[in-house]
Amino acid sequence: MATPERDPDCLFCKIIAGEIPGTRLLETDDVIVIQDINPQAPVHGLAIPKRHIPSAAHLTLADAATLAAVIDAANTVARDKGVADSGYRLVMNIGPDAGQSVAHLHVHILGGRALGWPPG
């Protein structure tokens with residue numbers, strides 16, 4: 001079953017629509033990148049497709065262009081924020097046990113400090 005273009009109850013859909021404020025770092029036709037409201041690193045953005053997709057578990061081959069647009073936007077923000085050369089992490093959480101708190105696909109962009117491994 002196809003996901004709707006927008007979920008009226010989704011926090012990120014409301015930010016995309018301008019109903020709730022969010023600090024936009026980048027916007028394209030298909031993606032927005034916003035500043036995380038609870039940053040875990042000096043650079044912490046969220047790259048979010050404008051089309052509502054609940055999580056990466058809902059992606060199919062038909063979503064390849066959407067996912068590529070999300071990653072491209074995340075990489076652009078990493079360059080814009082000056083962390084591309086030193087390194088940054090892209091993270092997708094899937095489900096509540098992994099820390100996904102908003103059921104809309106998003107990629108965390110984390111950088112600006114050394115990031116430990118393993119995470120969590």
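Basis for what follows: all heavy atoms, side chains included, without hydrogens, waters or symmetry-related copies. The residues of the chain are indexed from 1 along the displayed sequence.
- With values rounded to the nearest 0.5 angstrom, Lys14 atom NZ is found 9.0 Å from Asp7 atom CG.
- The minimum heavy-atom distance linking Pro39 with His44 is given by the pair CA-ND1, 3.4 Å.
- Note on Ile34 and Ile53: separate hydrophobic clusters, where clusters join Ile, Leu, Val, Met, Phe, Trp and Tyr whose side-chain heavy atoms are under 4.5 Å apart, directly or indirectly.
- Annotation: side chain of Val77 is in contact with side chain of Val33 (closest heavy-atom distance under 4.5 Å).
- Taking CG from Leu59 and OG1 from Thr66, the interatomic distance works out to 8.0 Å, rounded to the nearest 0.5 Å.
- Annotation for Ala56 and Ile94: closest pair CB-CD1, 3.6 Å, computed over non-hydrogen atoms.
- Identified under the salt bridge (charged side-chain N to carboxylate O under 4.0 Å, His left out) test for residues 99-119, with sequence neighbours left out: none.
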Q. Could you walk me through whether Lys50 and Glu5 pass the salt bridge (Lys or Arg N to Asp or Glu O under 4.0 Å) check?
A. CA-CA 8 Å; Lys50 289 183 177 178; Glu5 289 295 310; over 6 Å; no
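- Under the 4.5 Å side-chain heavy-atom criterion for ILVMFWY residues, a single connected hydrophobic cluster contains both Ile20 and Leu46.
- Taking each heavy atom of Gly111 and Ala41 in turn, the nearest pair found is O-CB, 3.5 Å.
- Note on Leu105 and Leu26: same hydrophobic cluster, where clusters join Ile, Leu, Val, Met, Phe, Trp and Tyr whose side-chain heavy atoms are under 4.5 Å apart, directly or indirectly.
- Note: Phe12 and His106 have perpendicular aromatic rings, judged against thresholds of 30 and 60 degrees for the angle between ring planes.
- Residue Val31 is not grouped with residue Ile15 when hydrophobic side chains (ILVMFWY) are merged at heavy-atom distances under 4.5 angstrom, including chains of intermediate members.
- Counting heavy atoms from C-beta outward, His104 and Cys13 have side chains that approach closer than 4.5 Å.
- The minimum heavy-atom distance linking Arg89 with Pro119 is given by the pair NH1-CB, 4.3 Å.
- Distance check: Leu67 CG to Thr60 OG1 gives 10.5 Å after rounding to the nearest 0.5 Å.
- The hydrophobic clustering, which links ILVMFWY residues whose side-chain heavy atoms are closer than 4.5 Å, places Val102 and Ile32 together.
- Scanning both residues, Pro54 and Gln100, for their nearest heavy atoms gives O-NE2, 2.9 Å.
- Listed by chain and number, the residues in a side-chain contact (heavy atoms from CB on, under 4.5 Å) with Leu90 are Ile71, Ala74, Asn75, Tyr88, Val107, Ile109 (sequence neighbours excluded).
- Side-chain atoms of Ile16 and Arg6, non-hydrogen and from C-beta on, never get closer than 4.5 Å to each other.
- Summarising the geometry, atom CG belonging to Leu25 is positioned 5.5 Å from atom CD belonging to Gln35; distances are rounded to the nearest 0.5 Å.
- Gln40 is listed as a side-chain neighbour of Leu110, based on a closest heavy-atom distance under 4.5 Å.
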